[in-house]
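Just below is one structure, and these are the notes that go with it.
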Amino acid sequence: MPETDHQDRRRWMGVLAKAAPEEVAAAWSGLPAIPAYDFLRRPETGLVMVRGRIGGDGAAFNAGEMTVTRCSVRLAGGTIGHAWIAGRRADQAERAAVLDALMQDPARRPAIGRAIDWLAELQEARRDRGAHEAAATRVDFFTMVRGAG
Amino acid sequence: MYVAVKGGETAIDNAHRLMAEARRGDPAVPELTVEQIANQLGLAVDRVMTEGSVYDRELAALAIKQAQGDLIEAVFLLRAYRTTLPRFGGSEPIDTGDMAIRRRISAAFKDLPGGQVLGPTYDYTHRLLDFALAAGGDPPPAALAERPVDAHMPRVADVLSQEGLIERDRPGEDEGPPCDLTRQPLEFPAGRDLRLQALARGDEGFLLSLAYSSQRGYGNTHPFAGEIRMGEVAIEFLPEELGFPIEIGTITVTECQMINQFKGTKDIPPQFTRGYGLAFGHAERKAMAMALVDRSLRAGELGEDVANPVQDEEFVLAHADNVEASGFVQHLKLPHYVDFQSELELIRRLRAAAIRREAAE
């Protein structure tokens with residue numbers, strides 16, 4: 001797969017992973033009929049070790065683990081879709097893997113892409129709201145000069 | 001040592017039933033849901049995720065419910081659960097510079113780029129019990145500013161380092177995977193990566209007291225809270241079948257950069273050095289204590305005297321884990337009858353010998 005496709009795929013896989021399970025379910029229910037698929041790997045929950053950097057910018061260290069659910073599917077035409085998603089929601093991982101496979105089909109991409117864009121907008125709105133809430137707590141401290149004695 | 005005992009199954013079953021009834025409390029009072037705990041006891045959930053060393057809000061909330069709010073027991077439950085799950089691999093290192101900031105303050109620099117953002121905090125409250133909260137009711141909605149906070153806020157170290165006044169950490173050239181104490185025993189001397197992992201999952205109370213001891217004179221750290229930031233970071237992971245990294249979700253973390261005076265050595269000019277703290281969720285006290293202890297543990301590396309408990313790597317790291325500590329202290333409750341019997345015999349023999357000596361004199 002060429003590099004530009006990697007970038008596109010990185011985006012949609014990231015959007016699917018960062019969506020709330022109910023949002024993915026809602027997007028899924030609004031899609032045209034989903035073709036048949038097989039599991040290459042049924043949804044499986046495990047751990048990914050989250051790494052930080054010493055001092056924020058130095059060498060890596062292991063900060064602690066997080067739960068992650070992965071799933072791989074194959075469409076009838078042979079296209080393979082994968083999902084790696086924080087948390088333990090098997091339904092979300094399965095749907096995300098199917099959507100990843102469908103997004104690789106140029107004929108289906110416009111319809112599925114609209115659902116991905118809708119999920120991305122929800123995430124952007126959440127992030128934007130958080131950024132405005134935080135900004136309302138921005139403070140200017142005045143340094144008081146201590147008087148003599 | 002304790003020895004295996006048999007029997008007592010019915011009593012043990014009944015004790016657990018009694019405990020379940022006590023945990024439920026008055027049946028006339030509605031039962032807590034895991035969602036309520038995850039949402040309304042969020043800071044307890046953050047502590048259990050941090051010390052349990054597994055980021056999963058629902059699991060941590062369930063552990064808190066099951067442990068009746070005993071957070072160290074909840075940490076133990078989460079640690080036990082993690083052993084049932086396979087390890088898929090390690091993430092790409094998180095970029096806290098790219099954090100979606102919810103809180104970001106510096107006690108050292110008043111006018112840092114991006115500003116001081118208080119975020120959700122108990123700082124500056126009067127710590128008066130709020131009886132209105134006891135009555136219940138929805139709070140007013142949070143205020144919204146016209147303009148959002150900056151999308152990218154430089155770390156304080158980036159601001160000071162332009163003059164070379166603060167030490168920098170650099171990623172290694174040929175970086176292998178960091179040491180992992182869930183896969184290898186803790187050995188001394190430990191690298192800073194292993195120390196930070198142990199501190200990250202270490203008991204907040206223990207690290208807090210050690211950090212406090214360093215401030216009171218048992219170790220000289222002379223610290224400033226250079227920066228504390230809290231918010232969401234994306235987690236990237238590289239699945240083998242893809243060959244390129246993808247985002248697999250976001251997590252909330254708290255990061256603390258302590259900056260400490262350093263007089264320099266013959267090789268290093270005087271500058272500020274740094275201690276680092278990182279915790280899951282909103283866990284500021286933990287991140288600050290961790291950063292102070294991290295810096296104290298660097299005493300040897302920086303040519304300072306290692307003379308106090310907080311600077312003693314083996315003392316700190318071997319005792320920071322509350323699951324291990326709790327297990328070893330609480331195993332004293334298990335039957336030690338054979339052990340005690342032999343000690344009893346020994347004391348009786350010694351006493352008899354002492355009485356015979358006295359009679360002979």
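In what follows, chains carry the letters A, B, and so on, assigned in the order in which the sequence lines appear, proteins first and then strands, with residues in each chain numbered from 1.
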Q: Check whether any side-chain heavy atom of B:I94 sits under 4.5 Å from a side-chain heavy atom of A:R53, and report yes or no.
A: no

Q: Pick one of side chain, backbone, both or neither for A:R11, based on which atoms fall under 4.5 Å of a heavy atom in chain B.
A: neither

Q. Taking C-beta and beyond as the side chain, do A:M13 and B:L242 meet within less than 4.5 Å on heavy atoms?
A. yes

Q: Determine, step by step, whether B:E241 and A:R41 satisfy the side chain to side chain contact (heavy atoms under 4.5 Å, CB included) criterion, reporting the C-alpha distance in whole Å, the side-chain angles of both residues, the deciding distance to 0.1 Å, and the verdict.
A: CA-CA 12 Å; B:E241 66 267 23; A:R41 179 159 62 202; 3.1 Å; yes

Q: Quick one: do A:V50 and B:I251 satisfy side chain to side chain contact (heavy atoms under 4.5 Å, CB included)? Show the steps, please.
A: CA-CA 10 Å; A:V50 176; B:I251 66 171; 4.2 Å; yes

(Q) If we ignore hydrogens and angles and just use 3.5 Å, is the side chain of B:R87 paired with the main-chain N or O of A:G46 as donor and acceptor? (A) no

Q. How long is the gap from CD1 on B:I235 to CE on A:M66, to the nearest 0.5 Å?
A. 5.0 Å

Q) Can you tell if the side chain of B:E247 reaches within under 4.5 Å of the side chain of A:R10, non-hydrogen atoms only? A) no

Q: Measure the shortest side-chain to side-chain distance between B:Q197 and A:M49 over non-hydrogen atoms and say whether it is less than 4.5 angstrom.
A: yes

(Q) On the six-membered ring of A:F61, is B:R192 placed so that its NZ or CZ lies under 6.0 angstrom from the centre and within 45° of the ring axis? (A) no

Q. So which part of B:C256 gets closer than 4.5 Å to some heavy atom of chain A, the side chain, the backbone, both or neither?
A. neither

Q) Hey, what's the ring geometry for A:W84 with B:F237, parallel, tilted or perpendicular (30° and 60° as the breaks)? A) tilted

**Q.** Between OG on residue B:S53 and CD on residue A:E65, distance to nearest 0.5 Å
**A.** 6.0 Å

